[in-house]
Amino acid sequence: MTGANCPNCGAPVHLMWSGAVQTTCPYCRSILVRRDVNLEKVGEVADLPPDSSPLQIASEGTYGGKTFVVVGRILYEYEQGAWNEWHIIFSDGKSGWLSDAQAEYAVSFLTTPPAPLPDANAIQRGAAFTWDSTRYEISVITRAHYKGVEGDLPFEYWDKHEAVFADLRSYDARFATIDYSQTPTVLYLGAAVDFETLKLKNLRQFEGWAP
Amino acid sequence: VIPKLSGLNCPSCGAALEIRSFGNALTVVCPKCLAVLDAKDPNLRILQEARSREKIPPLIPLGSRGTLSGVQYEAIGFQVRTVGEPDDSYQWREYLLFNPYHGFRYLTEYNGHWNFVRTIQALPEPVSARRVRYEGESFTRISGGEAGTSYVIGEFPWQVRVGEMVQVQDYIHPPRLLSSESTADETVWSLGTYMAGAEIWKAFALPGAPLSAVGVFENQPSPYPADTGGLWKMAALLIVAALLLTAIASALGGRGDVYSQSLALTNAPVVTPPFEVGGFTSNLQIVTVNRGTESVYIRYSLIDQKTGLATTFGRDVYREDTARVPSVAPGRYYIRAEADRYPASVDMSVRRGVPSMGFFWITALLLLAPPAVRSWRRLGFERRRWQENS
């Protein structure tokens with residue numbers, strides 16, 4: 001199923017990714033979840049605050065020698081600003097995340113941790129973990145507010161409030177995020193990337209700036 | 001197209017305000033009245049009243065655009081930051097640059113020294129109390145302290161306040177500079193690359209000329225290249241060559257004993273029979289050994305048999321004396337010897353092509369001078385770097 005109608009407004013809803021578990025209706029902003037062959041409305045996206053990411057649904061880019069397309073996003077806000085987790089689908093069908101925090105970009109993938117992750121109240125800055133033989137250190141713990149979703153996501157993600165994230169860094173540019181917004185807690189491993197190396201296409205434009 | 005926010009006015013003084021970083025701005029400081037405003041609030045709520053009315057004009061005016069490393073950036077924020085106690089402090093100026101795709105960069109300026117800076121996502125690896133490793137290079141700690149924001153205008157993607165303090169540490173591997181800024185919640189690392197004022201002026205098409213840089217800055221590249229090793233190696237090679245040439249010259253000079261005779265000196269001069277001096281023009285050494293117990297002054301004349309030209313010199317001989325006659329052409333010579341005190345008995349021997357080490361040592365010193373001067377200057381520059389910035 002890649003095409004269906006919005007159960008709320010009847011508009012055609014086109015899934016960009018066949019593995020999507022959740023999407024949003026681009027017309028009435030209903031959050032739609034797949035139930036067997038049907039889409040069910042579970043909520044509604046509030047007005048997304050004006051954000052300044054150059055990315056958008058259907059932007060394309062390259063990472064690790066493979067092309068990807070942006071199919072969805074989750075938007076978070078915290079006291080020092082906002083960031084987007086763009087859900088990207090690679091040419092081989094693999095799902096990943098491209099985060100854009102004030103134009104600092106990183107690509108990461110959902111990873112199964114070899115050992116259970118510590119509880120949110122048991123972590124502190126400087127704590128170190130080793131995953132994939134790389135040492136990661138917690139550099140910052142962020143309490144963020146879920147602000148909204150857009151497009152196709154690999155899981156149900158709505159009705160969220162505050163979420164805790166631990167960002168971890170390594171001695172090279174690899175990084176990790178422990179995401180406490182989901183149960184059980186999930187781990188993302190990835191790397192910081194430069195804008196140039198992503199070779200992004202179909203970006204948004206900014207008044208007064210050449211793309 | 002994402003539109004620019006427009007029609008904004010400072011709630012404190014009414015001046016028109018421009019937001020240049022779209023939705024990224026979190027705080028904006030009115031350049032007219034210096035009030036700190038909440039950029040996320042539609043009414044630009046006042047977060048901090050101006051602490052002072054004194055204005056500090058940025059060298060790069062807000063709104064100017066310039067191209068650095070091939071990317072165009074707009075200057076959107078400016079702060080003056082102070083480290084140290086009021087009676088012993090120094091200040092540097094920081095410009096926030098923005099490109100909607102490439103993000104935020106910084107230019108810092110201290111005494112005419114500039115750095116193009118970006119935050120890094122990797123964590124430099126501590127290797128000792130004074131060193132960290134980043135991208136395969138070792139950076140050495142040069143300075144640190146508590147830095148405060150003493151003046152700020154324009155917009156920032158973070159909460160900015162006048163008087164806010166952070167812990168800063170600088171590590172250098174010229175021309176790169178790693179800085180850490182720590183608050184209670186987070187340590188942010190950034191990497192700076194040294195730039196000359198002229199490059200900034202050119203990039204932003206600023207009028208006039210930059211003030212010339214004062215002193216030596218933390219990560220200023222040394223004008224004396226690091227590879228003095230090459231110069232030293234070259235000097236060593238040339239010295240070995242000079243040594244070889246000296247040896248070859250003395251060998252070709254027909255090195256060896258030419259003539260020897262015991263002289264019984266009386267009131268009449270002693271004249272030796274002619275002897276052959278071979279090789280090519282080089283020195284001749286006359287060694288005199290006094291067989292008596294009192295010193296004797298001997299006047300020697302080395303006479304070219306063919307031309308009759310004489311080289312005359314006097315020697316005071318106590319026990320043993322070596323005289324050197326430079327540049328003696330090959331040919332037949334004889335020696336005339338005359339003593340001021342007689343009778344006297346001495347053994348005289350004449351040797352050819354004895355290498356003149358004096359010339360060699362002068363050559364060696366001249367060859368060593370360039371690398372020595374270069375290394376000395378480099379060390380002096382490094383000493384100033386550490387004296388002026390530690």
Side-chain angles (χ1 to χ4, degrees), chain A residues 48-56 59 75 77-84 99-106 124-126 128 134-143 167-176 190-198 200 203-211, chain B residues 1-6 18-27 38-40 42 63 65 67 69-74 96-105 118-127 132-136 156-160 180 182-191:
Chain A
L48 292 180
D51 75 308
S52 317
S53 178
L55 289 152
Q56 58 187 348
S59 288
L75 175 64
E77 226 176 38
Y78 71 121
E79 60 172 355
Q80 294 286 340
W83 83 92
N84 280 298
S99 76
D100 167 19
Q102 289 155 347
E104 293 283 356
Y105 304 95
Q124 56 188 4
R125 195 153 73 93
T134 296
R135 180 187 180 277
Y136 294 89
E137 192 178 303
I138 296 183
S139 59
V140 65
I141 297 165
T142 307
R143 276 178 196 285
D167 282 340
L168 300 95
R169 293 181 181 191
S170 71
Y171 295 144
D172 50 24
R174 278 184 277 188
F175 91 100
V193 282
D194 275 341
F195 176 81
E196 302 88 272
T197 63
L198 288 169
L200 293 163
L203 294 174
R204 291 207 293 179
Q205 289 184 14
F206 296 85
E207 185 186 344
W209 289 90
Chain B
V1 176
I2 299 178
K4 265 191 168 166
L5 295 170
S6 57
E18 210 173 324
I19 297 285
R20 300 183 168 95
S21 63
F22 303 91
N24 289 300
L26 213 58
T27 314
D38 182 355
K40 288 287 178 206
R65 288 191 185 185
T67 301
S69 300
V71 175
Q72 192 185 49
Y73 293 99
E74 185 166 316
L96 177 63
L97 307 180
F98 172 73
N99 173 293
Y101 301 96
H102 296 262
F104 294 91
R105 299 290 184 275
R118 68 163 304 171
T119 56
I120 57 166
Q121 303 308 311
L123 198 62
E125 180 180 3
V127 286
V132 294
R133 239 185 134 61
Y134 175 69
E135 287 186 341
F156 297 85
W158 65 84
Q159 301 282 0
V160 74
S180 72
S182 305
T183 63
D185 299 325
E186 193 174 9
T187 294
V188 176
W189 286 89
S190 62
L191 182 70

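What's counted below: heavy atoms across the whole structure, side chains too, no hydrogens, waters or symmetry copies. Chain identifiers are assigned alphabetically (A, B, ...) following the order of the sequence lines, protein sequences preceding nucleic acid strands; residue numbering begins at 1 within each chain. Because the structure is a prediction, the values reported are computed rather than measured.
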Heavy-atom distances under 4.5 Å only: say whether Gln80(A) touches chain B with side chain, backbone, both or neither.
-> both
At a heavy-atom separation under 4.5 Å, does Thr183(B) approach chain A through its side chain, its backbone, both, or neither?
-> backbone
Glu196(A)-His102(B) side chain donor-acceptor pair, cut-off 3.5 Å = yes
Whatever's closer than 4.5 Å to a heavy atom in chain B on Leu200(A) counts as neither
Does a salt bridge link Lys40(B) with Glu79(A), judged by any charged N lying under 4.0 Å from a carboxylate O?
-> no
Region of Ser53(A) in contact with chain B, defined by heavy-atom distances below 4.5 Å = backbone
Charged N-O contact under 4.0 Å between Glu74(B) and Arg65(B) = yes
Heavy-atom pair count under 4.5 Å with chain B, highest-scoring of Ser139(A), Ala191(A), Ala103(A), Gly81(A) | Ala103(A)
So what's closer than 4.5 Å to chain B heavy atoms on Tyr171(A): side chain, backbone, both or neither?
-> both
Quick one: what part of Asp167(A) sits under 4.5 Å from any heavy atom of chain B, side chain, backbone, both or neither?
-> neither
Please state whether the side chain, the backbone, both or neither of Pro124(B) comes within less than 4.5 Å of a heavy atom of chain A.
-> backbone
Per-residue tally against chain B (heavy atom, under 4.5 Å) across Arg125(A), Gln205(A), Glu104(A) peaks at Arg125(A)
